[in-house]
Each structure stands twice: as C-alpha cells, then as structure tokens.
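Here the structure is laid out as structure tokens; the discussion comes afterwards.
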Amino acid sequence: MQWTLVIPLKPLTRAKSRLADTADEGVRPGLALAFAQDTVGAALACPAVSDVAVVTDDETAGRELAALGARIVPDTPRSGLNAALAHGTAVVRSLRPSTPVAALNADLPALRSPELSRVLAAAAEFPRAFLADAAGRGTTLLAAGADRELQPAFGIDSRTRHRASGATELLLTGVDSVRQDVDTGDDLRAALALGVGRHTAAVSAGLLIPGS
C-alpha cells in the first residue's frame, strides 16, 4: 500500500513557543523549519510513501520543503490544525481519490524511514488507526484507508479523542522515532538522543541544551 502523508505546519514565526526555555525567539523559526525538513525528508525516503503534502502558508517553509519534493498546499481555511488537515486531505483526494492518507506531525526530527514503514504497514490493517506520541497523551500519526475519512482530532489529549472516535491505537514497540515529537526542551533532548536529521543537527549545534 502506498500512502499520501499530509503534514500541517503553522507559520514559522508562531511555531514552537514552548521551546522558549531552550531557544530564543530568533532561533525558534529556524528550528521549526529544520524539524519539518528532517520530517519531510525521512517521509519522502520511506518506500511506503508515494507523496507528501505540506499544508502551510509560510513562504520560506513552502519553498524549502518543495525543494525536498513535497507538494505545498496553502492553508486556505486558516482555522487551526484540524481544519488544515481536513483541507489537505480533501486536496490530495481530489487528485487521487483512492489514496490512503496519514496525517503526520511536522516536528519529528529523529524520524527514521524504516520505522515509519512499520507504522504505516500496521495502520493498513485497520480502517483508521493512530500512533500515540512519546508522552502518551498526544498523537503523531493518524491514518485512514482509501474509503475512510481522516477525522482528525489533534490537540490536547488527542490520544483519548482519536481512540473515542473509533480509530485503532497502534501498540507498536521499536518505533520511537515516529513517536518523538518536539514541543519542549526535554522533547528536544530526547530527539537528540535518538539521533536527529542533518537540518536539526545543524541548528541545534548552536544551542546550549542542558542535559543533552
């Protein structure tokens, strides 16, 4: 099964505010872009992925991620994460109606293509499925088969909400890179310990990160 991934990305100047204790305001946009570049790069290298659509209105991010091979979808609704994902999915399926779709976070800088393949293979066994984040409260990936609506419910306690919506939770081990999103300094330290992609590594090299 070949998947289309839909990755939402807010304007870089508003991204990653919870990293304020680790990266100042001038650094956070570059860090958010690096996370997205490493996420998209690993996703495009995954054999199970045929296409990556990034939903964003950020010109810099759009240009840089398009250069990696992503399709850029303008965030026309401008009504938050779930609206962006619904819009991106609709655009993708207007072009390829039968494609299975998975929403993927843009802040997975340690993402490994083989681990993503394992998650998508497991997701293919269910009409809708999701993977919880490393913290156990959120979601990093939500998948829907070709004949299913995505029904994204990202945000606070999305693990609970996706489970309540009928999506099957994927209880996989050994896929830490797909679970490790980055919102806080502790998350960044955990991602660095797993081993991040080259863009994040370059930006992070200039940061003083206690405990890393």
Output yes when a side-chain donor or acceptor of T139 lies under 3.5 Å from a complementary backbone atom of A132, and no otherwise. no

E169 atom CD, over 12 foreign heavy atoms within 6.0 Å: yes

Closest non-hydrogen atoms of A106 and P8, given as atom of the first, atom of the second and distance, are CB-O, 3.4 Å

If you look at every heavy atom in N82 and A153, which pair is closest and at what distance? OD1-N, 3.5 Å

With side chains defined as the heavy atoms from C-beta onward, is the minimum distance between K16 and D183 less than 4.5 Å? yes

So, taking the atom named NE2 in H162 and the one named CZ in R128, what distance separates them when rounded to the nearest 0.5 Å? 6.5 Å

Distance-only side-chain donor-acceptor flag, S158 / R137, under 3.5 Å: no

Would you say the side chain of R179 lies within less than 4.5 Å of the side chain of L131, judging by non-hydrogen atoms? yes

Quick one: closest heavy-atom pair of P100 and R93, and the distance? CA-NH2, 4.2 Å

Could you identify which residues cluster with L81, counting Ile, Leu, Val, Met, Phe, Trp and Tyr as linked when any side-chain heavy atoms lie under 4.5 Å apart, either directly or through a chain of such contacts? V6, V55, V73, L85, V91, V92, V101, F130, L142, L150, F154

Does any part of the side chain of Q37, heavy atoms only, come nearer than 4.5 Å to the side chain of L65, both counted from C-beta? yes

Does some side-chain heavy atom of V54 sit less than 4.5 Å from a side-chain heavy atom of V40? yes

Hydrophobic cluster identity match, F35 and L111, side-chain contacts under 4.5 Å: no

Shortest non-hydrogen pair, V52 vs A43, comes out as CG2-CB, 4.0 Å

Using distance alone, with no hydrogens and no angle criterion, decide if D187 and T184 have a side-chain donor and acceptor under 3.5 Å apart. yes

R71: what forms a salt bridge (charged side-chain N to carboxylate O under 4.0 Å, His left out) with it, not counting sequence neighbours? D51

Heavy-atom side-chain proximity of L68 to E64 below 4.5 angstrom: no

Any idea which heavy atoms bring C46 and S117 closest together, and the distance? SG-OG, 3.0 Å

Taking the side chain from Q2 and the backbone from P47, do they hold a donor-acceptor pair closer than 3.5 Å? yes

Spell out, yes or no, whether L120 and F126 are grouped together once hydrophobic residues are joined by side-chain heavy atoms under 4.5 Å, including indirect joins. yes

At what distance, to the nearest 0.5 angstrom, does CD1 of I156 lie from CZ of R161? 7.5 Å

For residues D75 and T56, determine if any side-chain heavy atom of one lies less than 4.5 Å from a side-chain heavy atom of the other. no

Side-chain donor-acceptor contact under 3.5 Å, E115 with S177: yes

Linking I/L/V/M/F/W/Y whenever any side-chain heavy atoms sit under 4.5 Å apart, do L194 and L188 land together? no

Run S50 and R96 through side chain to side chain donor-acceptor pair (under 3.5 Å) and show every step you take. CA-CA 11 Å; S50 63; R96 299 174 61 195; 3.0 Å; yes

Report the distance from atom OG of S204 to atom CG of L31, rounding to the nearest 0.5 Å. 5.0 Å

H87 side-chain N/O to P74 backbone N/O, donor-acceptor pair under 3.5 Å: yes

In terms of hydrophobic clustering (I, L, V, M, F, W, Y; side-chain heavy atoms under 4.5 Å; direct or indirect links), are W3 and L95 co-clustered? no

Measure the spacing between OG1 of T140 and CG of N105 and express it to the nearest 0.5 Å. 5.5 Å

With a 3.5 Å distance limit and no angle check, can you tell me whether R112 reaches the backbone of A110 through a side-chain donor-acceptor pair? yes

Could you tell me the separation between the CG atom of L141 and the CG atom of L170, rounded to the nearest 0.5 Å? 7.5 Å

Using side chain to side chain contact (heavy atoms under 4.5 Å, CB included), reason through L108 and Q180 one step at a time and then give a plain yes or no. CA-CA 6 Å; L108 299 168; Q180 189 56 67; 5.5 Å; no

Going by distance alone, is a donor N or O of one side chain under 3.5 Å from an acceptor N or O of the other, for T200 and D38? yes

If every non-hydrogen atom of A191 is compared with every non-hydrogen atom of V182, which pair is closest and at what distance? CB-CG2, 3.9 Å

Does the R118 side chain pair with the main chain of T173, one donor and one acceptor, at a distance under 3.5 Å? yes

Heavy-atom distance under 4.5 Å between the side chains of D58 and T13, does that happen here? no

So do the side chains of T60 and L33 get within less than 4.5 Å of each other, counting heavy atoms only? yes

Answer yes if L12 and V196 sit in the same cluster of Ile, Leu, Val, Met, Phe, Trp and Tyr residues linked by side chain heavy atoms under 4.5 Å apart, and no otherwise. no

Determine yes or no for a side-chain-to-main-chain donor-acceptor pair under 3.5 angstrom, with S98 supplying the side chain and A146 the backbone. no

side-chain hydrogen bond (donor to acceptor under 3.5 Å, both in side chains) partners of T99, counting only residues at least two apart: T4

Supply the atom-to-atom distance L44 CG to S113 OG, rounded to the nearest 0.5 angstrom. 9.0 Å

